[in-house]
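To keep things clear, I will list the structure first and then write my remarks on it.
Computed from a prediction, not measured in an experiment: that's the story for all the values here.
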Amino acid sequence: MTLAGLLDAALGRLDWNALPFWEMVTHPSASSIINGLIASGAAGIMVLGALVTIWALTRHRLWGTLWRDWLTSLDHKKIGIMYVVLAFVMLARALAEASVMRTQQAVGLGGGFLSPEHFGQLFSTHGTIMIFFMAMPFLTGVINFVMPLQIGARDVAFPLLNSVSLALTAAGAALVMASLLFTPFSIGGWSGYPPFTETGFSPDVGPDYWIWAVTLSSLGTTLAGMNFAVTIYKKRAPGMTMFRMPLFCWTALCVSILMIFAMPPLTLATSMLALDRYLGFHFFTNTGGGDPMLYANMFWLFGHPEVYILILPAFGVYSEVISTLSGKKLYGYTSLALATICIAVLSFTVWVHHFFTMGQSASLNAVFGIATMLIGIPTGVKVYDWMLTLYRGRVRLGVPMIYAAGFLMLFVIGGATGIVLANPSLDYVTHNTLFLVAHFHNMLIPGLLFGMLAAYAFWFPKAFGFRLEEKWGRRAAVSWIAGFILAFFPLYGLGLLGMPRRTVAFLEPAYLPFTLIALVGAGLVLFAFGCLVAQLVVSIRERDMRRVPVGDPWDGRSLEWSIPAPAPEWNFAVLPKVETRDPFTEAKEQGRAYRSPEGYEDIEMPRHSAVGPIVGIAGFACAFGLVWYMWWLAISGALLSLGAMLARGFARDTVRIIAAAEVREAHESWLAMVRATPRIPRHEENTPANLGHAIPASQEEQS
């Protein structure tokens with residue numbers, strides 16, 4: 001075989017044209033140069049970030065620590081933290097892309113600076129990242145970290161599977177990032193509708209990037225859902241019945257069930273689309289006997305439960321935040337739990353409202369419109385219960401509560417517009433306008449993103465042992481809320497004026513004032529993200545004056561606040577016995593908190609494993625090979641992944657024993673420190689006096 005033949009076999013269809021600057025070099029024009037510079041700048045930032053990370057890890061000799069203590073760890077807390085780190089990295093890219101698109105639309109009267117193809121790629125990557133690689137990792141990370149602590153477990157049911165789930169999600173995210181360097185990405189949107197994503201209309205690699213990135217993510221999410229569900233069913237502490245679980249655990253359980261049943265239709269849809277593109281099948285091509293509506297039904301059979309996969313964990317976070325920071329027992333606990341179940345069930349009955357305009361009968365549309373409206377009932381129950389929890393409570397307006405207050409106001413507005421869109425006749429008018437874009441951002445940003453940022457601020461001390469800086473956190477929270485309002489409320493007006501969504505440019509001058517206001521909002525959102533970065537930097541620098549080693553900085557009510565901060569590897573020295581819904585609050589009020597247990601036992605914990613990282617690397621290699629027709633790489637990645645899992649099946653030394661004496665020494669040392677630490681009232685929560693030993697609300701009121 002000649003050298004050219006070897007290169008063709010090795011590189012597949014990867015050539016110089018894949019480089020983001022190649023078109024502006026070979027075919028220079030004003031448009032190609034501008035778009036090439038933007039694409040090359042984005043790729044350069046990614047490469048620079050990777051090089052800086054490699055340099056920092058090398059200079060500080062942290063490669064061994066990263067591998068031993070993090071990447072191969074099966075500790076649910078560390079895996080949860082890595083999920084959240086991944087989410088923040090992908091959020092940064094998605095926000096940058098959204099800002100570029102918003103700038104294009106602000107100057108898009110008659111043209112603008114982005115080509116339609118480049119705008120389409122930004123549109124597709126933004127939606128794909130925000131749903132699959134920001135929102136999903138964020139909520140999965142929070143559930144991973146918090147849920148086992150709240151149910152009194154030492155880890156999830158399947159620790160190794162947890163690591164593999166993270167690795168598959170990270171591999172999908174890496175594939176999306178690789179599309180910055182080796183272009184293009186899909187221009188078919190985050191939903192990837194055929195026939196536009198079929199080979200006849202999109203013969204380039206873009207849809208293949210999307211297919212394999214989403215497939216890796218959906219596999220990881222399905223495995224995570226099974227893991228969480230089994231953990232909640234089987235790993236609860238003695239005495240913790242289902243209706244003694246914190247509300248966050250109820251939402252985690254319902255989300256887990258949704259993951260198990262909603263993700264397979266997506267995996268099947270992307271697999272069938274891949275068969276159409278790679279092997280000439282015709283599942284979704286009319287001319288070959290297929291039907292594109294089959295794809296629409298399969299995608300949205302996943303897509304609408306996905307909305308509640310995103311929203312329900314945030315509902316659980318708000319329940320914990322509102323109860324804790326108002327110093328009150330959660331109002332309407334049973335109704336909140338039942339409302340969560342109702343929302344989860346109803347989420348499978350409404351998928352057709354995502355394509356009311358696609359030609360099905362009026363009777364069918366009416367059925368799904370009514371089902372869509374019904375979801376407003378249990379959601380309304382939740383809102384009223386949260387407000388009644390706040391009523392006459394001793395509310396502290398900390399950062400998590402600011403996010404919760406913004407959510408309560410904005411989510412109700414978004415829900416009202418959802419009721420409008422549930423009417424098929426009104427949806428027919430507004431469906432393909434920016435009104436719909438405003439609606440789903442109105443649900444997902446206050447609903448999901450604000451909830452996850454509230455969780456980040458709320459549980460950060462438990463993860464790292466010190467509080468986040470408050471002033472920068474408040475600036476971030478207020479800027480997120482104001483930026484969201486300015487960025488998306490004008491889109492309601494634009495939609496009613498008739499501006500189509502997915503529009504790169506426009507000719508109607510009446511749109512311009514609204515697009516300019518939305519650009520200001522996008523700038524404020526970027527400022528909010530910058531405040532989060534500044535908050536983290538300042539908090540790390542001042543961590544010694546913000547430490548909360550006792551572990552209860554907010555007068556928490558559930559079990560996670562009853563252990564040190566950061567939590568030890570084994571979580572609980574002795575598994576707790578639960579008798580009430582707010583076990584830690586009652587223990588504090590009755591003077592039973594921080595007592596030495598009657599005895600200690602050896603604790604069995606999983607050994608570290610490299611299977612997860614290997615599967616992730618192999619999964620990325622396989623997917624990248626499939627995208628570019630590097631069959632040797634695709635086959636090698638698949639075999640490596642399979643080999644790693646088979647080899648794990650022969651491993652026998654998979655657990656290690658932590659001696660009771662070691663547990664006793666660590667726990668008794670912490671208890672001695674607790675007894676020597678003064679308790680602090682609420683008004684001193686954000687001062688250096690807060691070492692995590694809070695005075696219970698009832699005792700503070702009496703004093």
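- Ring planes of Phe529 and Phe88: tilted class, angle from 30 to 60°.
- Side chain of Lys77 to backbone of Glu569: a donor-acceptor contact under 3.5 angstrom is found.
- Atom-to-atom distance recorded for Thr324:OG1 and Arg557:CZ is 7.0 Å, nearest 0.5 angstrom.
- In this model, no donor atom of one side chain and acceptor atom of the other lie less than 3.5 Å apart for Asp75 and His608.
- At a threshold of 4.0 Å, the pair Asp552-Lys588 counts as salt-bridged, since one of the basic side-chain nitrogens sits closer than that to a carboxylate oxygen.
- The shortest distance between side-chain heavy atoms of Ile402 and Arg474 falls below 4.5 Å.
- Partners of Ser335 by side chain to side chain donor-acceptor pair (under 3.5 Å), not counting sequence neighbours, listed by chain and number: Asp385.
- For CD of Glu589, the number of neighbouring non-hydrogen atoms (other residues, nucleotides, ligands) closer than 6.0 Å is greater than 12.
- Taking the six-membered ring where the residue is Trp, His441 and Phe488 present parallel rings, their angle staying beneath 30° rather than reaching 60°.
- Note on ring orientation: taking the six-membered ring where Trp is involved, the planes of Phe302 and Phe299 are perpendicular (angle over 60°, cut-offs 30° and 60°).
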Walk me through whether Phe458 and Trp561 qualify under ring-ring contact (aromatic ring centres under 6.0 Å, His included).
CA-CA 11 Å; Phe458 190 59; Trp561 305 110; 5.3 Å; yes
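- Checking side-chain atoms of Asn571 against main-chain N and O of Ala153 turns up a donor-acceptor pair under 3.5 Å.
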Would you sort out whether Phe248 and Trp459 count as a ring-ring contact (aromatic ring centres under 6.0 Å, His included), showing the intermediate values?
CA-CA 13 Å; Phe248 181 79; Trp459 280 296; 5.7 Å; yes
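- Side-chain atoms of Ser217 never come within 3.5 Å of backbone atoms of Ala213 as a donor-acceptor pair (strictly under, hydrogens ignored).
- Under the rule for a ring-ring contact (aromatic ring centres under 6.0 Å, His included), the partners of Trp670 that lie at least two apart in sequence or sit in another chain are Tyr594, His667.
- Panel note: side chain Glu560, backbone Lys462; no donor-acceptor pair is recorded below 3.5 Å.
- Taking CG from Asn162 and CG from Asp155, the interatomic distance works out to 7.0 Å, rounded to the nearest 0.5 Å.
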Go through the steps for Phe450 and Phe411 under the test ring-ring contact (aromatic ring centres under 6.0 Å, His included), then give the verdict.
CA-CA 11 Å; Phe450 288 4; Phe411 191 79; over 10 Å; no
Given Leu223 and Leu168, is the side chain to side chain contact (heavy atoms under 4.5 Å, CB included) satisfied, shown in steps?
CA-CA 10 Å; Leu223 297 177; Leu168 291 172; 4.0 Å; yes
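- Residues Glu469 and Gln535 bring no donor and acceptor atom of their side chains to less than 3.5 Å of each other.
- With rounding to the nearest 0.5 Å, the separation of OH in Tyr318 from CZ in Phe407 is 5.5 Å.
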Residues Tyr233, Phe228; criterion ring-ring contact (aromatic ring centres under 6.0 Å, His included); working and verdict:
CA-CA 9 Å; Tyr233 283 133; Phe228 294 155; over 10 Å; no
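- Residue Tyr331 qualifies as open at atom OH: its count of foreign heavy atoms under 6.0 Å is 12 or below.
- Atom CZ of Arg396 and atom CG of Asp555 lie 6.0 Å apart (nearest 0.5 Å).
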